[in-house]
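So the structure is just underneath, and the comments pick up after that.
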Amino acid sequence: MNRFDPRVSVIVITVFLLSLIFAMTLSAQVEQKTQLKYKTKLELPMADLIITELEVTQPGSSKGDMIEFSFRAKVKNDGNRDIENNFYLTIEIKSEHEDRYDRTHNYFKFTPLKAGLTRTYNGKFTLQKASVSGKTAKIRGWIDSGGTEEFPPQYMHVQERNENNNYSDIITIVGAYTPYITSVSIDNPVTRLTIRNTKSATNQEIYIAGQGFGKEQGEYDVALFPQSGGSVIKANIKSWHQGVIFFTIPKEVETGTHWIAIVNGNTMQRKSNQIGVTINHKGGTPWSEIVAYWELLNNAKLIIHTRGSGSEYKNTSTLKMLGNIDTIYVPKTEFKKKLIGRYRYLLQNFASKDTGGMMLSRKWNGGTLNDNQLEMKIIFESGGVEAKGYFKSVVKGSNWNDGLAPDIDINNAKIGVIFNFKNVDRKLDYTPYVRFSANVNAHDAAADWFMDLFMGNWDGQVRRKIQDGLATAMANSETRENIINSLMDFLYLLIAGFDKNDDIQNIEFEDGKILFTYR
């Protein structure tokens, strides 16, 4: 049996150790080559955009609904490769009480920039007044390729070594108080409402809308500046918000065109732009007051006379109101009888009573009229012949003859005129509705019997013709003007502060009242 030789063991161990050392050396060399390979990949030339400096060089100034700031920015290509495309600088903002930055509409274009170089940019950016007016905000710059587009095209793309270092340091800015007014809720507000027997006041609330007003009123006010010069008056503030301010206009403000602006409440210096508004007053009176004053002051009288010389028609009818006597147009009263001829009745001495003959009322047959209506009741005196009758036959060449048609007595005559008032081009006007009632009889019994026998309903035709004539008279433009002028004289007396020199803007009728908006 052979004995174990120690020399063999030594040789085996030596060979194993040498093999292990070789394997470890080879592995280290492979790892070193792999690391060198990746290291070479990471160190490929790449650009890297950074903002080394961002500074606001001038405080904000008002530009409409924006605030404009001047700034300086230094931009560097901190990489080892040139930027061959355009890139952009953008301003982002985080206003008070906001949790995140929002990108603004400000984009500034940069042309290609070589590796390692820095470029200084001086420019201006604008921010909404609502974001910075009178309060603190934080801004920062952000620089990258294709800044105006979420997915820029390939030719605009800048590959960077580090995509997480594109923001500048944060800057805190305090915007000057520069509110901006965009609109007013009512172009023609009313400052004073004057109704007879009620207090003169108005609670008409209006508002201005805009930006950067501030959440609270603080040291500022809303003021009204007369464009024609005069006293500046502060508005009565109801509530104050960032974009809207509610207020009422004091009744002391004169009518006319004014500027509205936000001012420093102590110095009255204007802090905002100004917006124009025209101030009106509104005044009115119940129809019942007009009726009462009419009864107290008026000695009105209506005289209808259409007879000239003989059978000649000649209108000399008059209407007397408030001492003024005006002519009113009353047409002829005629009707035809087939195969016989024509009848003509000319009115003479047909007049209302001297006392209480013409009255105004708010009742029509016991019912209340509409808000825009007033009734005039006219009661006539009776006595003598009110209508002279004439007849003209169908025979060619015949003349009017007063012996062939009876004269007419008109007794218990009453006229009711409902005035339907309306606003026509900012002037008071009306459409009349006339109703005439009377006992119509021939002047003697024989003539009356004769007319009834040969001409049925002749008296109804006379009434209807007289009614139509009165309706025409009341609708005539000159008559309407005279009646309206007399009525307006009453209104100038009854509505405090309302006179002939005021410019009427609107006329309304409500709750039994007539209302005028004027300045």
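Heads up: numbering here begins at 1 and tracks the sequence.
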Neighbour count above 12 (heavy atom, 6.0 Å) for Y167 OH:
yes
Considering only NZ, NE, NH1 and NH2 on the basic side and carboxylate oxygens on the acidic side, decide whether K76 and D78 come within less than 4.0 Å.
yes
Find out whether I245 and Q217 are in side-chain contact, i.e. whether some heavy atom of one side chain is under 4.5 Å from a heavy atom of the other.
no
With the side chain counted from C-beta on, respond yes when L428 and I504 share a heavy-atom pair under 4.5 Å apart, and no when they do not.
no
Mutual orientation of the aromatic rings belonging to F419 and Y430 [parallel < 30°, tilted 30-60°, perpendicular > 60°]
perpendicular
For K138, run the side chain to side chain contact (heavy atoms under 4.5 Å, CB included) check against I173, I171, I170, I93 and tell me which one passes.
I170
Just list the side-chain donor-acceptor pairs under 3.5 Å for residues 53-65, sequence neighbours left out, or say none.
unit_1 : atom_1 : unit_2 : atom_2 : d
E55    : OE1    : R72    : NH2    : 2.3
T57    : OG1    : S70    : O      : 3.2
S62    : OG     : K129   : NZ     : 2.5

Taking atom types as modelled and ignoring hydrogens, do the side chains of D48 and N165 form a donor-acceptor contact shorter than 3.5 angstrom?
yes
Flag yes if more than 12 heavy atoms outside Q227 fall under 6.0 Å of its CD atom; otherwise flag no.
yes
Assign the ring pair F213 / W240 to parallel, tilted or perpendicular, where the plane angle (0 to 90°) is split at 30° and 60°.
perpendicular
Do N372 and K422 come within less than 4.5 Å of each other through their side chains, counting heavy atoms only?
no
K124: partners by salt bridge (charged side-chain N to carboxylate O under 4.0 Å, His left out), with sequence neighbours left out
E68
Would you indicate whether the side-chain heavy atoms of L224 and I279 approach each other to under 4.5 Å?
yes
Do the side chains of I484 and F421 get nearer than 4.5 Å, heavy atoms only?
yes
Assess, by modelled atom type and distance only, whether the side chains of N162 and E160 contain a donor and an acceptor separated by less than 3.5 Å.
no
According to the interplanar angle, ranging from 0 to 90°, do the rings of F69 and F125 count as parallel (below 30°), tilted (30 to 60°) or perpendicular (above 60°)?
parallel
Please enumerate all residues that pass salt bridge (charged side-chain N to carboxylate O under 4.0 Å, His left out) together with D221, with sequence neighbours excluded.
K234
Going by atom types only, do N506 and N423 share a side-chain donor-acceptor pair under 3.5 Å?
yes
So do the side chains of T517 and N188 get within less than 4.5 Å of each other, counting heavy atoms only?
no
Residues that R480 engages under salt bridge (charged side-chain N to carboxylate O under 4.0 Å, His left out), provided they are two or more places apart
D429
In short, salt bridge (Lys or Arg N to Asp or Glu O under 4.0 Å) pairs touching residues 505-519 with sequence neighbours left out are K282-E508
Closest non-hydrogen atom pair between V75 and L113, with its separation:
O-CD2, 4.1 Å
Residue pairs passing the ring pair (Phe, Tyr, Trp, His ring centres under 6.0 Å) test where at least one lies in residues 496-519, sequence neighbours excluded
Y492-F498, F498-F516, F498-Y518
Is a side-chain donor or acceptor of T285 paired with a backbone partner of I495 at a separation under 3.5 angstrom?
no
What class does the angle between the rings of F110 and F87 fall in, given that below 30° is parallel, 30 to 60° is tilted and above 60° is perpendicular?
parallel
State, to 0.1 Å, how close N166 and L49 come at their nearest heavy-atom pair, and which atoms those are.
ND2-O, 3.4 Å
With a 4.0 Å cut-off, would you call D489 and K500 a salt bridge?
yes
